[in-house]
Amino acid sequence: EIQYGIPIGPVEWREADYPIINGHLVGLPVGIYAIQVDVFDGCYNAAKGIIYFQVKDLVSPVMKCDDDLNVTLNNFGYAKVYAADIDEGSWDNCELASLEVRRSVPEGCVDLYAEGDLTLEDGVYYTNWAEYIEFSCCDEGADITIELTGTDAAYDPVMEMEMPNENICWMKLKIED
């Protein structure tokens, strides 16, 4: 159990060796830790102390969009593109938990969407974040902005809640028939 960021109750102590590079402890996974410090002076006086600290994942994922993507409508005037199709090697320093995609919608196509399916941001309509995006004949020839977002699995054990980091990459796309 943790109270005010300090473990209370039964605690599991383990010895571990992690390298110190340029004064920084390197390679510790996310979590709460304690370092026991034993110090001695020249007169043989001794003291012992415990320093508690927390390692957090505060680094957002690195997102990479495929800048060579081409989308062509099928014979029925339809195309579906998944987030994985747009991803070109995005990664996270700990764990990339999810990828989602959304797209801009030309003003002439807004009426094709149900209420609640679009968000208006800075005068541009976007679909909601999802696993995939869809295109139709209405999009043909329009410059469409596609955004890919990645969310990591950051968790804060003190707050006992997920505290994910996220990042976005985007690209422009012209739909072909």
Side-chain angles (χ1 to χ4, degrees), residues 2 5 18-19 21 24-33 53-177:
I2 299 169
Y18 289 97
I21 300 174
H24 297 279
L25 196 58
V26 178
L28 277 167
V30 171
I32 297 173
Y33 296 90
F53 65 97
Q54 180 179 5
V55 176
K56 293 183 177 182
D57 177 5
L58 301 176
V59 179
S60 297
V62 176
M63 302 305 297
K64 293 180 72 179
C65 286
D66 183 351
D67 54 357
D68 289 327
L69 185 68
N70 292 311
V71 175
T72 304
L73 301 175
N74 66 16
N75 291 340
F76 303 104
Y78 176 81
K80 181 187 281 190
V81 177
Y82 286 86
D85 298 328
I86 297 162
D87 181 35
E88 194 173 73
S90 301
W91 60 276
D92 185 65
N93 63 323
C94 290
E95 178 186 351
L96 189 59
S98 69
L99 290 174
E100 290 185 310
V101 66
R102 73 176 185 172
R103 55 159 289 200
S104 64
V105 177
E107 283 195 37
C109 302
V110 170
D111 293 341
L112 299 175
Y113 290 84
E115 188 174 330
D117 286 349
L118 298 179
T119 304
L120 183 61
E121 293 180 20
D122 298 321
V124 178
Y125 287 97
Y126 288 93
T127 59
N128 296 325
W129 291 105
E131 181 183 347
Y132 60 86
I133 50 179
E134 299 173 295
F135 299 95
S136 69
C137 292
C138 188
D139 298 308
E140 187 178 345
D143 285 324
I144 307 290
T145 299
I146 297 176
E147 296 180 342
L148 177 68
T149 185
T151 305
D152 69 12
Y155 180 81
D156 187 331
V158 173
M159 302 296 290
E160 296 182 347
M161 62 188 285
E162 292 180 6
M163 300 190 76
N165 304 295
E166 60 184 5
N167 204 354
I168 295 173
C169 64
W170 63 92
M171 59 182 283
K172 293 282 189 183
L173 186 67
K174 192 173 286 273
I175 305 301
E176 302 169 352
D177 185 18

Chemist: Restricting to side-chain contact (heavy atoms from CB on, under 4.5 Å), what partner residues turn up for Glu95, sequence neighbours left out?
Modeler: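 For Glu95 the side-chain contact (heavy atoms from CB on, under 4.5 Å) partners, ignoring immediate neighbours, are Ala153.
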Chemist: Can you list every pair that meets ring pair (Phe, Tyr, Trp, His ring centres under 6.0 Å) and has a residue in residues 55-110, with sequence neighbours left out?
Modeler: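 Sorted pair list: Tyr82-Tyr132.
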Chemist: Determine, stepwise, if the pair Glu131 / Lys80 fulfils salt bridge (charged side-chain N to carboxylate O under 4.0 Å, His left out).
Modeler: CA-CA 10 Å; Glu131 181 183 347; Lys80 181 187 281 190; over 6 Å; no
Chemist: Let me see the working for Ile86 and Met171 under side-chain contact (heavy atoms from CB on, under 4.5 Å), right down to the final yes or no.
Modeler: CA-CA 9 Å; Ile86 297 162; Met171 59 182 283; 4.0 Å; yes
Chemist: Using side-chain heavy atoms (C-beta onward) and a distance below 4.5 Å, is Val71 in contact with Leu173?
Modeler: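 Val71 reaches Leu173 side chain to side chain.
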Chemist: Does the distance from a Lys or Arg side-chain N to an Asp or Glu carboxylate O, for Lys174 and Asp143, drop under 4.0 Å?
Modeler: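 Yes, Lys174 and Asp143 are salt-bridged.
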Chemist: As an exercise, state the distance from CD1 of Ile133 to CD of Glu147, rounded to the nearest 0.5 Å.
Modeler: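 Between Ile133 CD1 and Glu147 CD, I get 10.0 Å after rounding to 0.5 Å.
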Chemist: Any chance CD of Glu162 has more than 12 other-residue heavy atoms, nucleotides or ligands included, within less than 6.0 Å?
Modeler: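 Result for CD/Glu162: open.
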Chemist: Heavy atoms only: give me the nearest Thr151-Pro164 pair and the separation to one decimal.
Modeler: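 Scanning both residues, the minimum pair turns out to be CG2-CB, 3.4 Å.
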Chemist: Could you walk me through whether Glu121 and Tyr126 pass side-chain contact (heavy atoms from CB on, under 4.5 Å), step by step?
Modeler: CA-CA 7 Å; Glu121 293 180 20; Tyr126 288 93; 4.2 Å; yes
Chemist: Restricting to ring-ring contact (aromatic ring centres under 6.0 Å, His included), what partner residues turn up for Tyr113, sequence neighbours left out?
Modeler: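 Partners of Tyr113 under the ring-ring contact (aromatic ring centres under 6.0 Å, His included) test: none.
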Chemist: Which pairs of donor and acceptor atoms, one on a side chain in residues 56-68, lie under 3.5 Å apart (sequence neighbours left out)?
Modeler:
| unit_1 | atom_1 | unit_2 | atom_2 | d |
| --- | --- | --- | --- | --- |
| Asp57 | OD1 | Val59 | N | 3.1 |
| Ser60 | OG | Glu166 | O | 3.4 |
| Asp66 | OD1 | Asp68 | N | 2.8 |

Chemist: May I have all residue pairs that pass ring pair (Phe, Tyr, Trp, His ring centres under 6.0 Å) and include part of residues 145-177, sequence neighbours excluded?
Modeler: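 For residues 145-177: none.
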Chemist: Check the pair Phe135, Arg103 against side-chain contact (heavy atoms from CB on, under 4.5 Å), reporting the backbone distance first and the verdict last.
Modeler: CA-CA 9 Å; Phe135 299 95; Arg103 55 159 289 200; 3.5 Å; yes
Chemist: To the nearest 0.5 Å, tell me how far Asp139 CG sits from Ser136 OG.
Modeler: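 Those atoms lie 4.5 Å apart.
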Chemist: Got Tyr33 and Val55 here, is their nearest side-chain heavy-atom distance under 4.5 Å?
Modeler: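 Of all side-chain heavy-atom pairs linking Val55 with Tyr33, at least one is under 4.5 Å.
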Chemist: Can you confirm whether Glu140 is buried at CD, in the sense that more than 12 heavy atoms of other residues, nucleotides or ligands lie under 6.0 Å from that atom?
Modeler: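 Above 12, so yes.
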Chemist: Using side-chain heavy atoms (C-beta onward) and a distance below 4.5 Å, is Val105 in contact with Val124?
Modeler: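 A side-chain contact under 4.5 Å is absent here.
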Chemist: Can you name the side chain to side chain donor-acceptor pair (under 3.5 Å) partners of Glu100, sequence neighbours left out?
Modeler: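 If we apply the side chain to side chain donor-acceptor pair (under 3.5 Å) test to Glu100, skipping adjacent residues, there are no hits.
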Chemist: Could you tell me whether the side chain of Thr72 and the main chain of Glu176 form a donor-acceptor pair under 3.5 Å?
Modeler: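 No, the answer is negative, given that no donor and acceptor are paired below the 3.5 Å cut-off.
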Chemist: Side-chain contact, heavy-atom cut-off 4.5 Å: Val101 with Val81?
Modeler: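 Val101 vs Val81: side chains apart.
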Chemist: Which value, rounded to the nearest 0.5 Å, describes the distance between Asn128 atom CG and Leu118 atom CG?
Modeler: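 Going from the CG atom of Asn128 to the CG atom of Leu118 covers 7.0 Å.
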Chemist: Could you state the interatomic distance from CG (Asp152) to CG (Asn165), rounded to the nearest 0.5 Å?
Modeler: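 CG of Asn165 is found 4.0 Å from CG of Asp152.
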Chemist: Roughly how far, to the nearest 0.5 Å, is the SG atom of Cys138 from the CD1 atom of Ile175?
Modeler: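 Answer for the CD1-SG pair, Ile175 versus Cys138, is 11.0 Å.
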Chemist: Can you list the steps and then say if Val30 with Cys94 is a side-chain contact (heavy atoms from CB on, under 4.5 Å)?
Modeler: CA-CA 9 Å; Val30 171; Cys94 290; 4.3 Å; yes
Chemist: Measuring from atom CG of Asp156 to atom CD of Gln54, what distance do you get when rounded to the nearest 0.5 angstrom?
Modeler: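 Asp156 atom CG to Gln54 atom CD measures 4.5 Å (nearest 0.5 Å).
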